Amino acid sequence: MMKCLLAILVLILAAGIASGKDDDVPQEYLVKAKYLLNIPLYTEMLAQTKTRKSYTICLIGATPLESVLAASSGKLIKSRPLAVLKVTDFSQMDSCQLLFIASSERNRLQTLLPEAHSRGIVTISDMRDFARMGGMINLLTVNGRIVFDLNRSAAGSASISFSTHLLKLARDVIN
Amino acid sequence: MFQYIRIILTLVLITVVSGTAGAEEMQASPESLEQLMSLEVTTVTGASKYQQELTDAPASVSIVTANDIRKGGYRTLAEVLNSVRGFYTTYNRAYNSVGARGFSPPGDFGTRLLVLVDGYRLNDAVFEQAPLGRDFPVDIDLIDRIEIIRGPGSALYGTNAYLAIINVITRNGKDLKGGELSASGGSYDAWTSRVSGGGKALNGVEWLFSGSYRDSTGTQSLSFPEYAATNNGIAQGLDGENSWDLLAKVAWKDFSLLLLHQNRVKTIPTASFYSIFNDPGKKTTDRHTLAGLSYNGHGGWADLNARLTYNRYEYVGDYPLDNAGVRTLNRDLTVAEWIGSDLFGVKTFGDHLVTVGMEHRWQFTEQQRNFEVTPTSATVLDDNHSNLVQGYYLQDEYHILHNLILNAGLRYDHYNNFGGTTNRRAALIWKPLDVSVLRLSYGEAFRAPNAYEQYYSDQVGIKGSTNLRPEKIRTLELGWDQFIGNNVKTTATLYYSRIEHQLDQVVDPVDNLQVFTNQSRLETKGVELQAEGKWENGFSGRVSYSYQHSEKQDSGQVPANAPSSLVKASLTAPVPIKKSFVTVETLYTGSSLNAYGERIAGKAIVNLTLLSRELLQGLDLSASIYNLFDTGYANPVGFEQINSLSENLRSIRQDGITFRLKATYRF
């Protein structure tokens, strides 16, 4: 009995490894990564010039998203190839179009946000109260699904506008 | 045994060989955001009273979704729990009871599990019973997800949150977007039907109304060899069950209203509590009404939550007794009514997420009556009490580092009758890597003596006891979750629990009456292991093993109904019909003792369900076979299974192979 069950366990594990991708991350990060790839399609960045060669998603702080996003490197976003950049400071942000701020950066959020917004960068995070604290897009997990809150005034300050579709789907919009 | 293992292995191999889903291209279609918003990720709301990712929860949590329920063909909440690691069920043909972590005294009403529906407590104010079978007042089709939160939870919820919390979250009106009709038929003339409607009106009001009706004749001929002196031990046509329920849910902005009502009648074939065997007069009726209003405010200075509820639970138990050769119909009539409020706020202070709350429950009716109906009317018991329960709680989720969380909380509860009790919980959650979660936790919980234990007295067989103390459990637990690849998660849990002042029924040698007393210590050690996988191509599987060892400290005995091992394996695979899945589930429960210390054999049961979604537009069909190999097995019983001839049952035989066909149509 036990041997057979052990065999089933091994097979399930083997099947998992066989059909899984290389990244070892929980499901929720895969969904969040897909959000990062999709959200640019629903935002209009007026401040940034359209002449850039790549679409750069930057990540700051400790997050497993980097390895997930790296797999999508080179995909076209708004006709530009995706680049993923891990940043540690403001000076590296100049090439970013979208900045994901990990929960570990909560303490320096009030210095990070003005720096990012002055560069016309879309800010997004999954930390609690991110939109309320002045971030633009707050990914939240509600009833087992990932949804988002938007902060329209934060976006406005960076000359970024959200599409009506994005506004319609948001759980909450802070004006 | 080996047959179904071969089936499972074949399914696994087919799926492995049939390969993996291809790499997907990023789509710029407007639907893609909606698709993302509908993807399920695992979160839990019941562990800390707010939504959090499973890896942040201060307890070992399992989530069962509506999809899992459909694919597994589960008919009751008890069947769902039986599929979850570490849980096991027994059925005495009156009520289903669910045990966890080596603890489920036979004849117990499940008072050590807290059952919540959308956050409202369902355990009633007299028996504090966990309604987990057909007496659960919500149709299983209306469940969106079930959170199973293991370990003591009194630090947040007070009494009954003892072995685990079962938090059932119902579907929302906007998930229905129209109407739904569902019907099923199966073995023993078991029929169910349901009509539901829901949606979101233009003014933002979300609504859901539903009604269900179920009827079953049950097993026509049930054999109880211990009662061979009466009708050769055969209970003829006494297993029928009939129930109906209504649910209404209206939500507007931050407010939500829930109304539930259920009526369930079950004929009892087992002749418990000295009743006459094979007498059609023995039956129980349960009626539960719940009205709840909640407010969940997210904006502003802090998240504020308020819940107000009114509940009425009524139990009618008819017992045909033999009174010196005269058949006497004796009736228990219990009415419990209570109103409750739970107010709590959640606020972030830097790295701290602080919850402060208070819960009040005014149990203003705890009426227990016992009287003879025929041949003469005579009152045996007419008792009524009330009780005010107050709870005050505090919880802090402290993010010490980005990968280290300390979740600590405590709650003080005060009861009119026995005074106060304080219960604590602390969990240290460390994620050394993105793919590993380690959780060390300590928790305490209590189970207050209930009105039935204190005041029920018929002066013939049972008497009350008013000097009972709350029962207490302390649990130390180490958990390790590991993600392997994108699709596989393994879980290992080690725990040690100590129960003190256990409330249990004994016979008082002075007057020979059964009475509840606080017993000596009980210790349980256990380990739970699980691997689960879910793949984009529709394939999913889960296998778990639980070992538990409980021991009474005074006698060194293993308690009754505490199987030492549980093995569960479930596998879902897509079949080549569109949106169709086959699920094979194997549930093994080790042997356990009955109340007399006799060993009742274990069993392995295999269930099979084929589900086809959208076979025609809006139509889902499912076919299930339960106990596929017609395994004969029985559940251990307690001292209450005794008939009018003072013969004792040792175990209660369970159903062999049965089937169900079900159709659900959305419009």
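Treat the numbers as computed from the prediction; the structure is a model and nothing was measured. In the text below, chain A, chain B and the rest are named by the order of the sequence lines, each starting its count at 1.
Within residues 124-131 of chain A, the residues having any heavy atom closer than 4.5 Å to a heavy atom of chain B are A:R128, A:D129, listed by residue number.
To the nearest 0.5 Å, atoms CZ (A:R106) and NE2 (B:H399) are separated by 7.5 Å. Taking OG of A:S103 as the start and CG of B:N403 as the end, the distance is 11.5 Å to the nearest 0.5 Å.
Listed options B:D481, B:L54, B:L353 were ranked by heavy-atom pairs under 4.5 angstrom with chain A; first place goes to B:L353.
Within the 4.5 angstrom heavy-atom criterion, no atom of A:K168 approaches chain B. Contact annotation for A:D149: neither backbone nor side-chain heavy atoms come within less than 4.5 Å of a heavy atom of chain B.
Not counting sequence neighbours, the partners of B:S62 by the side chain to side chain contact (heavy atoms under 4.5 Å, CB included) test are B:V84, B:R85, B:I148, B:R150. Partners of A:A70 under the side chain to side chain contact (heavy atoms under 4.5 Å, CB included) rule, at least two apart in sequence or in another chain, do not exist in this structure. With sequence neighbours excluded, the residues forming a ring pair (Phe, Tyr, Trp, His ring centres under 6.0 Å) with B:Y398 are B:H352, listed by chain and number.
No more than 12 heavy-atom neighbours from other residues, nucleotides or ligands sit within 6.0 angstrom of NZ on B:K253.
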*Go through the steps for A:I146 and B:L36 under the test side-chain contact (heavy atoms from CB on, under 4.5 Å), then give the verdict.*
CA-CA 7 Å; A:I146 294 180; B:L36 280 179; over 6 Å; no

